[in-house]
A.B. asks: 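Take this structure first; my questions come after.
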Amino acid sequence: MEHTIRIEGGESFVVTADEPNLLRGALRAGVGFPHECSVGGCGGCRFELIEGEMATLWEAAPGLSARDRKRGKRLACQSRPLSDCTVRVRTGDEYRPPVPPRQSTATLLARRQLTVDMAEFTLRTAAPAEFLPGQYALLQLPGVVGARAYSMSNLANGDGVWQFIIRRVPGGAGSAALHDTLPPGAALALDGPYGMAYFRPDSRRDAVCIAGGSGLAPMLSVARAAMSRASPGGLDFFYGARTAADLCALPFLDQLPGFGAQLRFHPVLSQTAPDDGWRGARGFVHEELAKKLVKPFADYDFYFAGPPPMIESVQQLLMIEHQVPFAQIHFDRFV
Ligand SMILES: Cc1cc2nc3c(=O)[nH]c(=O)nc-3n(C[C@H](O)[C@H](O)[C@H](O)COP(=O)(O)OP(=O)(O)OC[C@H]3O[C@@H](n4cnc5c(N)ncnc54)[C@H](O)[C@@H]3O)c2cc1C
């Protein structure tokens with residue numbers, strides 16, 4: 001059964017019975033509902049229910065603090081309407097999906113090990129794979145409660161091929177299903193694309209990509225798009241990994257036009273021993289930016305993805321220390 005959702009003082013939209021939650025229903029209806037991770041982790045899609053009934057899908061979702069709960073806040077990505085409803089939320093055009101997200105069934109075609117805990121997964125849908133470089137899809141994995149967000153590492157294509165680079169998280173249900181259980185040929189639900197940290201091809205500024213761990217996936221997609229343009233600008237690609245054995249970016253990047261010239265690769269290791277033979281940079285990836293970027297930071301567009309501590313360090317560096325305008329900063333926090 002479908003339900004009409006009215007945004008207090010704003011637009012109304014219909015959420016159909018096959019929508020997993022309010023957020024996806026809103027975005028699919030073209031509404032600029034604020035959001036970031038779409039999986040209960042960040043709190044970006046908080047709203048208040050003014051009238052009507054909603055089911056809460058994940059009571060303990062970390063995106064809501066105890067204070068939020070006390071004040072009656074809910075997460076749109078963890079709420080499903082049970083009746084017509086009125087909600088209070090401040091929508092924004094910047095949240096309107098640039099490519100309409102679609103629910104489809106994907107088949108797992110191949111899995112290729114890249115490092116001890118990261119693998120590339122290739123999925124195929126019957127319809128073309130339509131997304132912008134840097135966006136993510138939500139995968140519903142058999143036997144796993146809740147969707148998982150994974151960023152595409154390839155580019156949009158008419159063959160319906162979606163590629164992901166996924167790290168096995170110790171004790172993680174979704175990444176274990178992908179790495180250990182799902183056989184080639186398995187079918188899973190794919191919903192996407194989502195995300196606002198996509199490549200802006202029309203900018204005249206040089207770009208900087210900063211990837212931490214499996215944050216490599218969306219940054220590869222951005223690099224692939226940036227370097228396949230007719231006249232690519234400069235691109236500095238920073239990749240932070242723990243040890244040399246975790247570095248798997250080079251075989252992807254050195255295939256791209258301009259590698260070693262307009263495309264400059266800066267690997268940084270955070271957990272190396274002094275006698276391990278590594279002659280490159282050591283430390284945290286954000287510490288390397290000031291050493292390698294030759295222009296003032298405000299002259300670049302920044303794209304970055306990875307674990308929350310890396311995102312916070314980069315944000316602090318760019319926004320507070322270097323005053324880079326917010327419109328030039330695009331990131332995904334892998335909560
Ligand atoms: C925008 C975005 C893009 C990402 N891209 C990548 C990528 O390209 N590669 C990569 O390796 N990782 C990526 N991640 C991280 C990824 O989504 C998972 O968090 C990670 O794989 C761990 O999942 P897990 O199931 O193994 O761990 P778990 O600890 O089992 O699950 C953690 C994730 O599942 C959700 N979750 C847990 N329990 C529930 C529940 N009961 N109901 C609903 N949701 C629940 C959490 O919000 C969290 O997202 C991305 C995350 C985000 C937000």
Side-chain angles (χ1 to χ4, degrees), residues 20-24 27 35-45 55-64 74-80 95 97 101 111-123 131-154 162-182 188-198 209 211-222 239 241 246 248-249 252 303-311 330-335:
N21 56 53
L22 172 65
L23 176 64
R24 291 201 234 171
L27 295 176
H35 66 288
E36 191 184 319
C37 79
S38 309
V39 288
C42 73
C45 62
T56 297
L57 305 174
W58 185 18
E59 290 285 352
L64 282 182
R74 296 165 186 252
L75 295 178
C77 71
Q78 302 300 331
S79 299
R80 187 183 291 140
Y95 296 110
R111 174 181 165 284
R112 183 166 71 96
Q113 202 68 34
L114 299 177
T115 68
V116 70
D117 61 0
M118 290 213 287
E120 179 187 65
F121 294 81
T122 303
L123 276 62
F131 57 87
L132 299 179
Q135 288 196 292
Y136 63 89
L138 297 169
L139 302 185
Q140 188 62 57
L141 300 156
V144 175
V145 182
R148 298 295 185 267
Y150 292 112
S151 311
M152 283 68 79
S153 59
N154 62 335
W162 305 69
Q163 284 188 308
F164 303 91
I165 295 176
I166 297 175
R167 191 170 83 83
R168 182 203 300 272
V169 173
S175 58
L178 281 155
H179 278 265
D180 304 331
T181 336
L182 279 182
L188 46 111
L190 182 154
D191 188 356
Y194 292 98
M196 278 82 61
Y198 49 82
C209 287
S214 55
L216 178 61
M219 294 303 102
L220 262 187
S221 185
V222 167
Y239 183 41
D246 299 316
C248 58
F252 292 104
Y303 299 88
F304 47 107
M310 182 202 103
I311 299 297
H330 313 284
F331 63 90
D332 267 329
R333 194 191 321 258
F334 284 12
V335 290

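In each ligand, atom 1 is the first atom listed, and ligand 1 is the first ligand listed. For the single chain, residues carry numbers from 1 onward in sequence order. Atom set for the values below is all heavy atoms of this structure, side chains included, hydrogens, waters and symmetry mates excluded.
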A.B. asks: Going by an N to O cut-off under 4.0 Å, is there a salt bridge joining R111 and E120?
C.D. replies: no
A.B. asks: If we set the cut-off at 4.0 Å for heavy atoms, which region of V39 has an atom near ligand 1: side chain, backbone, both, or neither?
C.D. replies: both
A.B. asks: Side chain, backbone, both or neither: which part of E36 comes within less than 4.0 Å of ligand 1 when only heavy atoms are counted?
C.D. replies: neither
A.B. asks: How far is atom 18 (C) of ligand 1 from its nearest protein heavy atom, and which residue and atom name does that atom have?
C.D. replies: Y150 OH, 4.0 Å
A.B. asks: Which residue holds the protein heavy atom closest to atom 10 (C) of ligand 1, what is that atom called, and what is the gap in Å?
C.D. replies: S214 OG, 3.3 Å
A.B. asks: Only heavy atoms count here, so choose which of M118, R168, R148 is nearest to atom 33 (C) of ligand 1.
C.D. replies: R148
A.B. asks: Is A173 close to ligand 1, meaning an N/O of one under 3.5 Å from an N/O of the other?
C.D. replies: yes
A.B. asks: Could you tell me whether some N/O pair between Q78 and ligand 1 is separated by less than 3.5 angstrom?
C.D. replies: no
A.B. asks: Between A137, G171, A149, S175, which one has a non-hydrogen atom sitting closest to atom 15 (C) of ligand 1?
C.D. replies: A149
A.B. asks: Would V335 count as a polar contact of ligand 1, with the cut-off being nitrogen or oxygen pairs under 3.5 Å?
C.D. replies: yes
A.B. asks: Residue-level breakdown please: for I165 versus ligand 1, do any non-hydrogen atoms fall below 4.0 Å on the side chain, on the backbone, on both, or on neither?
C.D. replies: backbone
A.B. asks: Would you say R167 has any N or O atom under 3.5 Å from an N or O of ligand 1, going by distance alone?
C.D. replies: yes
A.B. asks: Give a yes or no answer on whether the side chain of Y239 reaches the backbone of G213 with a donor-acceptor pair at less than 3.5 Å.
C.D. replies: yes
A.B. asks: What I want to find out is whether R168 reaches D117 closely enough, with some N-O distance under 4.0 Å, to be called a salt bridge.
C.D. replies: no
A.B. asks: Just distances here: any N/O of F334 and N/O of ligand 1 closer than 3.5 Å?
C.D. replies: no
